[in-house]
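All values below come from the heavy atoms of this structure, side chains included, with hydrogens, waters and symmetry mates left out. In what follows, chains carry the letters A, B, and so on, assigned in the order in which the sequence lines appear, proteins first and then strands, with residues in each chain numbered from 1.
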Amino acid sequence: MIREYNPKSIEEKWQKIWAEDSVYEASNNSDKEKYYILVEFPYPSADGLHVGHARPYTALDIVARKKRYEGYNVLFPMGWDAFGLPTENFAIKNKIHPKIVTENNVKNFKKQLQSIGFSFDWSREVNTTDPEYFKWTQWLFLKFYEKGLAYKKEMPINWCTSCKIGLANEEVVNGACERCGGEVVQKVKNQWMLKITEYADRLIDDLDDIDFLNSVSTQQKNWIGRSFGMNVNFTIKDKDEKLEIFTTRPDTLFGSTYMVISPEHPIIEKYRTDIKNIEEIEKYRQEASKKSDFERTELVKEKTGVKIDGLQAINPANAKEMPIFVSDYVLMTYGTGAIMAVPGHDERDFEFATKFDLPIIEVVEGGDVTKEAFTNTEDGILVNSEFLNGLNVKEAFDKMADWLEEKALGERKTNYKLRDWVFSRQRYWGEPIPLVNCDTCGWVPVPEDQLPVELPEVENYQPTDNGESPLAEIHDWVNTTCPKCGGHAVRETDTMPNWAGSSWYFLRYIDPKNNEEFASREALDYWMPVDWYNGGMEHTTLHLLYSRFWHKFFYDLDLVPNPEPFNKRTAHGMILGEGNVKMSKSLGNVINPNVIVDEYGADTLRTYEMFIGDFEKSAAWSENGVKGARRFLERVWKLQENVVDGNEYSKGLEISINKTIKKISHDFDNLKFNTGVAALMELLNEFNKQDKISKKDMETYLQLLNPVAPHITEEIWDNLELGGRLYNAQWPSYDESKTVENTIDMPVQINGKVRATVTIARDADKEELKAKALEEENVSKFLDGKQIVKEIFVPGKIYNIVVK
RNA sequence: GCCGGAGUGGCGGAAUUGGCAGACGCGUUGGACUCAAAAUCCAAUGGUAGCAAUACCGUGUGGGUUCGAGACCCACCUUCGGUACCA
């Protein structure tokens with residue numbers, strides 16, 4: 001008689017053994033082939049671990065365990081992305097130092113993660129807020145500075161007019177301050193920028209060489225938004241002034257009937273005395289400054305704008321005069337901040353032209369421009385366009401481009417939606433930017449031997465009421481000497497964004513205790529690139545793109561061996577609350593994984609989260625589903641009673657076993673954990689139809705289930721004395737010839753509807769099958785008095801008879 | 001708005017990628033065990049009609065391609081992620 005299944009004692013027992021035996025520590029000196037598996041490290045919030053964290057961690061833990069059984073030297077590390085706004089706000093609210101808050105949260109997270117039995121290599125744990133870590137974040141930032149990729153620029157921040165502090169986008173709700181409801185305006189500040197745009201082309205082109213989820217690559221490409229077009233110089237009438245626009249459609253130049261410039265365009269200031277309605281324009285500009293780019297470019301909202309009274313533009317193609325408007329749907333941050341409007345072939349221009357009663361000219365045939373903009377012009381032919389008439393759009397593009405370039409009126413230009421990265425934050429809880437501003441030398445980097453620049457102690461973590469970081473108030477920290485000339489200098493008081501530490505953390509895992517370098521070149525050569533990186537879709541265009549950018553830059557400096565950090569990127573779906581709603585504190589439906597571990601066990605939590613649904617899609621939590629997973633493990637536990645000695649397959653199970661090994665091996669490598677667990681359940685159901693199970697089959701079963709439920713399988717392995725430890729075992733192999741039955745049930749269709757199923761040899765030919773099918777009453781019934789027009793026979797799949 | 005996903009029984013989901021829709025699990029119903037309950041075990045379970053064999057309907061909506069569509073094409077609806085200072 002076996003004892004009762006008691007997950008609590010089993011799980012604690014094995015977690016202790018794994019830790020004592022250092023089972024999951026990866027070696028930097030191994031003859032084995034390496035495999036580097038990375039999961040996004042969590043932000044350790046005060047709320048603690050979420051069941052949503054456990055899903056991807058369990059999934060990649062399964063992959064890691066399987067890879068180890070297959071003989072790889074696996075690196076599967078974990079750490080903490082701990083700088084950031086929520087911790088700072090928590091600290092302010094509860095009057096606790098953010099460092100202490102972080103320490104507590106990390107402690108809690110770590111305990112929670114460890115109780116679920118992940119095979120992380122804890123000896124390589126990193127923390128972005130640890131000075132020993134951010135010393136290297138600062139060092140790497142200085143490389144950007146040295147190479148001219150970090151520069152200062154006037155950029156707007158959200159400014160609450162009543163709290164008098166800068167706000168994150170998240171803290172602005174419908175244009176008002178989240179805390180006090182006060183009005184939020186854009187305030188310009190001189191900030192550090194990183195020139196990610198310099199890598200735009202490579203960030204797109206190199207996607208072809210790596211195995212990213214299709215939707216991820218597409219989204220990165222669209223985010224970078226490369227478009228090939230032209231910069232074209234329009235002129236302003238009676239002024240010696242060019243007004244440069246960017247267009248992807250120089251072929252439609254003859255259809256341009258007016259111009260639109262962004263409210264921030266410098267031409268307004270320059271010619272303010274010529275502009276008769278300057279007051280009206282200033283007022284419009286004021287209104288526009290309150291809106292986000294998002295609001296400004298919405299297609300549904302009604303277009304607004306003001307005509308500039310006093311300035312006329314001239315179309316370089318035909319010297320025609322046209323009016324200039326100011327409108328907020330043109331952004332200063334994209335292109336040149338000015339456009340030529342072609343209302344016949346652009347939706348927004350059409351809408352604007354209709355509203356302001358401007359002429360609309362058709363220049364590509366195929367639509368009806370009196371009714372709507374004709375934009376699908378791929379196959380169209382040019383009209384009303386002088387020397388372009390009769391050409392197709394592509395030819396017209398080239399001809400116009402050549403013509404403009406010849407006359408020096410414009411040049412071919414590639415434009416990107418991607419903007420440079422604003423790298424300054426006016427916050428306390430981030431890495432100090434390691435630069436000082438010297439009275440005589442200007443910006444000077446803090447020398448390497450003085451890194452890290454640590455955060456000073458402050459009383460108050462709130463940003464100051466003049467928009468500066470709280471660090472600006474700490475005068476004895478701010479005032480320093482210039483490392484270059486020894487004169488007076490002041491420290492930069494802005495800190496780095498949260499994205500800084502997470503842009504390179506996977507490099508530090510490789511050599512986490514190195515005091516000389518961020519990681520040794522030898523270790524980087526061995527481990528990089530990451531073989532498999534899994535994370536959330538929500539990180540596609542920020543974190544994932546930022547870390548690719550940093551890595552490419554380091555590659556150019558020969559700091560890392562590969563141009564891409566991640567070979568493969570997959571993404572998991574979110575876990576929602578019961579009834580498919582988001583888990584949130586306000587709804588009170590947040591599930592704490594520890595409650596599940598305590599009540600049902602870690603193996604149950606793991607099994608349930610893998611079985612909950614397609615790993616890549618979101619799935620709703622269900623307490624009954626958890627119970628189902630526990631029931632499954634209880635049945636596995638009970639299976640011990642039926643095991644008998646034997647090195648043969650149990651009666652009639654040869655094919656089932658081979659089939660299941662094949663399916664699970666495939667499923668675990670392809671994120672199909674839900675069907676993998678289902679296959680284990682099916683095999684268990686087959687086992688339970690037998691009186692006895694051979695030790696050999698039980699051994700196979702435990703190996704297959706082990707990556708999902710490592711504790712219970714290790715315990716049963718030990719109970720049945722199957723030899724040594726399961727964690728030292730090898731992944732089971734299968735015999736391909738034993739994965740299929742010799743006879744199959746073939747569906748027989750009449751006109752595409754299944755009318756019968758016949759059992760027949762797998763390799764039977766059409767005639768054999770037809771003869772057998774016609775014996776079926778339900779087949780002959782439908783053929784009676786009809787004529788066979790066609791027969792479709794797909795061996796092993798279907799037989800369809802078409803009758804008339 | 002723009003970019004990228006998703007929509008299948010009462011519920012979570014499966015479907016070898018164009019070939020028997022609903023695997024597996026949950027729930028429900030009936031039965032066994034029990035003084036009783038829980039747990040466990042057995043059976044049934046998309047809808048309609050039928051004693052049954054079986055027939056018809058059925059994968060968000062409307063069209064289309066095909067011998068055959070959950071899967072492909074066109075148009076739409078709903079919903080989720082991102083939208084650059086949440087991480």
Just the atom pairs and distances: protein N or O near nucleotides 7-11 of chain B's N or O, under 3.5 Å.
none

Looking at residues at least two apart in the chain, or sitting in another chain, which of them share a side-chain contact (heavy atoms from CB on, under 4.5 Å) with A:Ser622? A:Tyr608, A:Asn624
Across all chains, not counting sequence neighbours, the side-chain contact (heavy atoms from CB on, under 4.5 Å) partners of A:Ala773 are A:Val748, A:Tyr799
In 5'-to-3' order, the base (B), backbone-only (S) or no-contact (-) status of each nucleotide in nucleotides 68-87 of chain B, using a 4.0 angstrom heavy-atom cut-off, is -------------BSBBBBB
Give me each pair satisfying salt bridge (charged side-chain N to carboxylate O under 4.0 Å, His left out) with a member in residues 607-616 of chain A, each pair once, sequence neighbours excluded. A:Asp614-A:Lys617
With sequence neighbours excluded, what pairs up with A:Trp223 under the ring pair (Phe, Tyr, Trp, His ring centres under 6.0 Å) test? none
Which pairs would a plain distance check flag for residues 576-583 of chain A, meaning a side-chain donor or acceptor within less than 3.5 Å of a matching protein atom at least two apart in sequence or in another chain?
from: A:Glu578; atom 1: OE2; to: A:Glu623; atom 2: N; distance (Å): 3.1

Within residues 50-59 of chain A, those residues having any heavy atom closer than 4.0 Å to RNA chain B are none
Taking Watson-Crick (N1-N3 plus N6-O4 or O6-N4) and G-U wobble (N1-O2, O6-N3), each under 3.5 Å, can you produce the dot-bracket string of RNA chain B? Use [ ] for crossing pairs and | for inter-strand ones. (((((((..(((......[....)))((((((.......))))))((((....))))..(((((..]....))))))))))))....
Could you note down all residue pairs passing side chain to side chain donor-acceptor pair (under 3.5 Å) where residues 679-691 of chain A supplies at least one of them, sequence neighbours left out? A:Ser656-A:Glu686
Partner residues of A:Thr757 under the side-chain contact (heavy atoms from CB on, under 4.5 Å) criterion, sequence neighbours left out: A:Asp745
In the 5'-to-3' direction, what one-character label does each nucleotide of nucleotides 39-60 of chain B receive under the scheme B = base within less than 4.0 Å of a protein heavy atom, S = sugar-phosphate only, - = no such atom? -SS------------SSSS---
